[in-house]
Amino acid sequence: MSSELPHDTKPTTTRSGLAVQLLLVAAAWVLLYALNEQLWTWLFVDLAGLNLADRLSGALHFFLYDSSKVLLLLLGMIFVIGMLRTAIRPESVRTWLHGRSLPMALILAALFGAITPFCSCSSIPLFIGFVAAGVPLAVTLTFLIASPLVNEVAVILLGQTFGWGLTTAYVVSGLGLAIILGAMFSRLDLDDQVADFVRDTPTARLHATGHRPTLAERVAAAREETNQIVGRVWMWVFIGVAVGALIHGWVPADFLTTYAGPGNPLAVPVVTALGVPLYANAAGVVPIAEALYAKGMAPGTVLSFMMATVALSLPEFVLLKQVLKPRLLALFFGSVAMGIMVIGVGFNAFA
């Protein structure tokens with residue numbers, strides 16, 4: 001009797017070792033992401049003795065921890081979604097969505113956006129993955145609008161700060177805006193307005209071979225896809241976040257109330273325009289909104305300011321410019337800005 005090991009022993013061992021490596025890398029990623037901001041704060045405050053209230057120190061701290069966060073999300077999310085797409089064919093995703101009405105798909109996308117605690121830049125990796133997986137563009141754009149606008153942390157802070165009436169209005173109007181704009185996008189022929197590299201990926205080419213990929217092939221394809229996408233946008237992450245860091249916190253509340261106070265009929269367009277470069281997540285903008293509200297700014301104007309700050313940003317624009325072609329990029333930013341202003345004017349008129 002032959003004493004040779006079974007033919008599949010080596011592949012099984014390799015598969016097990018690869019699985020362990022993936023778990024270790026995943027644990028390291030989670031740890032880095034969880035400690036990212038605390039690490040930079042320790043380096044700046046405890047080690048270097050800098051004061052983050054100082055504009056220059058605060059801007060540099062913001063740039064380092066936020067660019068690190070976005071890059072970690074890009075690396076992690078693109079790889080994970082790439083792995084999922086090696087197991088799930090785009091045709092399967094489209095078939096699953098085909099059995100559901102467009103309104104239901106848009107509502108689900110908005111709700112999923114609401115439970116993902118990402119800022120506008122951090123939502124882009126998931127957006128890229130969804131488009132590459134064959135999710136309809138209108139549905140992914142709905143997610144991209146809703147994700148930074150509404151999340152559970154912001155809802156709690158808003159409720160404690162402004163009361164649950166205004167908080168409910170914020171959540172309903174934010175989700176409603178995402179769904180309505182998603183429905184509008186669905187009626188337009190926009191599929192050619194996404195950069196070619198988003199759909200022509202290594203994981204898509206792996207499916208084209210027709211055979212069931214091994215774990216090693218799946219990891220290799222997901223890693224290659226991650227390298228390609230991150231290689232295209234990493235520089236724009238630094239540029240975009242640098243722009244946000246330079247402006248972050250440099251526009252005082254007194255300036256906003258002077259030019260967008262209750263006596264200015266153009267207050268809503270003013271705060272919408274000023275909110276774009278400030279770049280913050282929904283939780284971070286609540287203290288600024290509270291100060292503006294306390295100084296007499298109308299509730300609709302405050303809502304528009306919060307929405308513009310979290311849903312539209314120069315860093316997001318810089319990143320999306322690498323993913324969306326000019327027509328869709330202009331349509332996306334223009335329609336979201338217009339919707340935010342309509343919400344603000346409407347609340348001021350009927351509040």
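What's counted below: heavy atoms across the whole structure, side chains too, no hydrogens, waters or symmetry copies.
To the nearest 0.5 angstrom, Leu177 atom CG is 4.5 Å from Ile343 atom CD1. Rounded to the nearest 0.5 angstrom, Leu39 CG and Ser68 OG are separated by 8.5 Å. Atoms CZ and CG, from Phe317 and Leu329 in turn, are 4.5 Å apart once rounded to the nearest 0.5 Å. With values rounded to the nearest 0.5 angstrom, Gln21 atom CD is found 5.5 Å from Leu18 atom CG. Considering CG of Leu47 and CH2 of Trp40, their distance stands at 11.5 Å, rounded to 0.5 Å. Of the inter-residue distances, the one linking Met83 atom CE with Leu215 atom CG reads 5.5 Å to the nearest 0.5 angstrom.
In this structure the side chain of Met307 never reaches within 4.5 angstrom of the side chain of Thr272, judged on heavy atoms. Contact annotation: the side chain of Phe332 never approaches that of Leu181 to less than 4.5 Å [non-hydrogen atoms, C-beta and beyond]. Looking at Leu137 and Phe185, their side chains never come closer than 4.5 Å, going by heavy atoms from C-beta outward. With contacts defined as side-chain heavy-atom distances shorter than 4.5 Å, the pair Leu52/Phe62 does not qualify.
Phe63 is connected to Val45 through a chain of hydrophobic side-chain contacts under 4.5 Å among Ile, Leu, Val, Met, Phe, Trp and Tyr, so both are in one cluster. By the rule that hydrophobic residues join a cluster once side-chain heavy atoms approach within less than 4.5 Å of another member, Leu64 and Leu75 end up as members of one cluster. Tracing side-chain contacts under 4.5 Å through hydrophobic residues (I, L, V, M, F, W, Y), one never reaches Leu190 starting from Ile180; they form parts of separate clusters. If you chain together hydrophobic residues whose side chains sit under 4.5 Å apart, Val172 and Val302 never meet in one group.
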Apply side-chain contact (heavy atoms from CB on, under 4.5 Å) to Leu56 and Leu50, showing your working. CA-CA 10 Å; Leu56 182 59; Leu50 297 175; over 6 Å; no

Stepwise, does the side-chain contact (heavy atoms from CB on, under 4.5 Å) test hold for Phe79 with Leu22? CA-CA 11 Å; Phe79 182 82; Leu22 288 174; 3.9 Å; yes

When you look at Asp66 and Lys69, which way does the side-chain contact (heavy atoms from CB on, under 4.5 Å) test go after all the steps? CA-CA 5 Å; Asp66 204 65; Lys69 178 188 72 174; 3.3 Å; yes

Taking it one step at a time, do Phe127 and Leu324 satisfy side-chain contact (heavy atoms from CB on, under 4.5 Å)? CA-CA 11 Å; Phe127 169 79; Leu324 306 181; 3.8 Å; yes

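Taking every heavy atom of both residues into account, Leu328 and Leu141 meet most closely at CD1-CD1, 4.2 Å. Across every non-hydrogen atom of Ala146 and Ala110, the tightest pair is CB-O, 3.6 Å. Across all their heavy atoms, Asp192 and Lys325 have their closest contact at O-NZ, 3.0 Å. Among all heavy-atom pairs drawn from Asn36 and Tyr65, the shortest one is ND2-O, 2.7 Å. Of all heavy-atom pairs spanning Thr142 and Ala138, the tightest one is OG1-O, 2.9 Å. When all heavy atoms of Gly300 and Phe347 are compared, the pair lying nearest together is CA-CB, 3.6 Å.
Legend: residues meeting side-chain hydrogen bond (donor to acceptor under 3.5 Å, both in side chains) with Thr41, ordered by chain and number and at least two apart, are His61. Not a single ring pair (Phe, Tyr, Trp, His ring centres under 6.0 Å) links Trp164 to another residue, sequence neighbours left out. Under the rule for a side-chain hydrogen bond (donor to acceptor under 3.5 Å, both in side chains), the partners of Asp54 that lie at least two apart in sequence or sit in another chain are Ser57. With sequence neighbours excluded, no residue forms a side-chain hydrogen bond (donor to acceptor under 3.5 Å, both in side chains) with Ser67.
Taking Ile, Leu, Val, Met, Phe, Trp and Tyr as members and joining any whose side-chain heavy atoms lie under 4.5 Å apart, directly or through other members, the hydrophobic cluster of Leu35 also contains Leu31. Its side chain outside the 4.5 Å cluster rule for every partner, Val25 clusters with none of the Ile, Leu, Val, Met, Phe, Trp and Tyr residues.
Summarising the local packing, CE of Met104 is surrounded by 12 or fewer heavy atoms from other residues, nucleotides or ligands at distances under 6.0 Å.
Side-chain atoms of Ser335 come within 3.5 Å of backbone N or O of Leu331 as a donor-acceptor pair. Listed for the Tyr170 side chain is no donor-acceptor partner under 3.5 Å among the backbone atoms of Val150.
Applying the side chain to side chain contact (heavy atoms under 4.5 Å, CB included) test between Val345 and each of Ile340, Val268, Thr301 identifies Val268 as the sole match.
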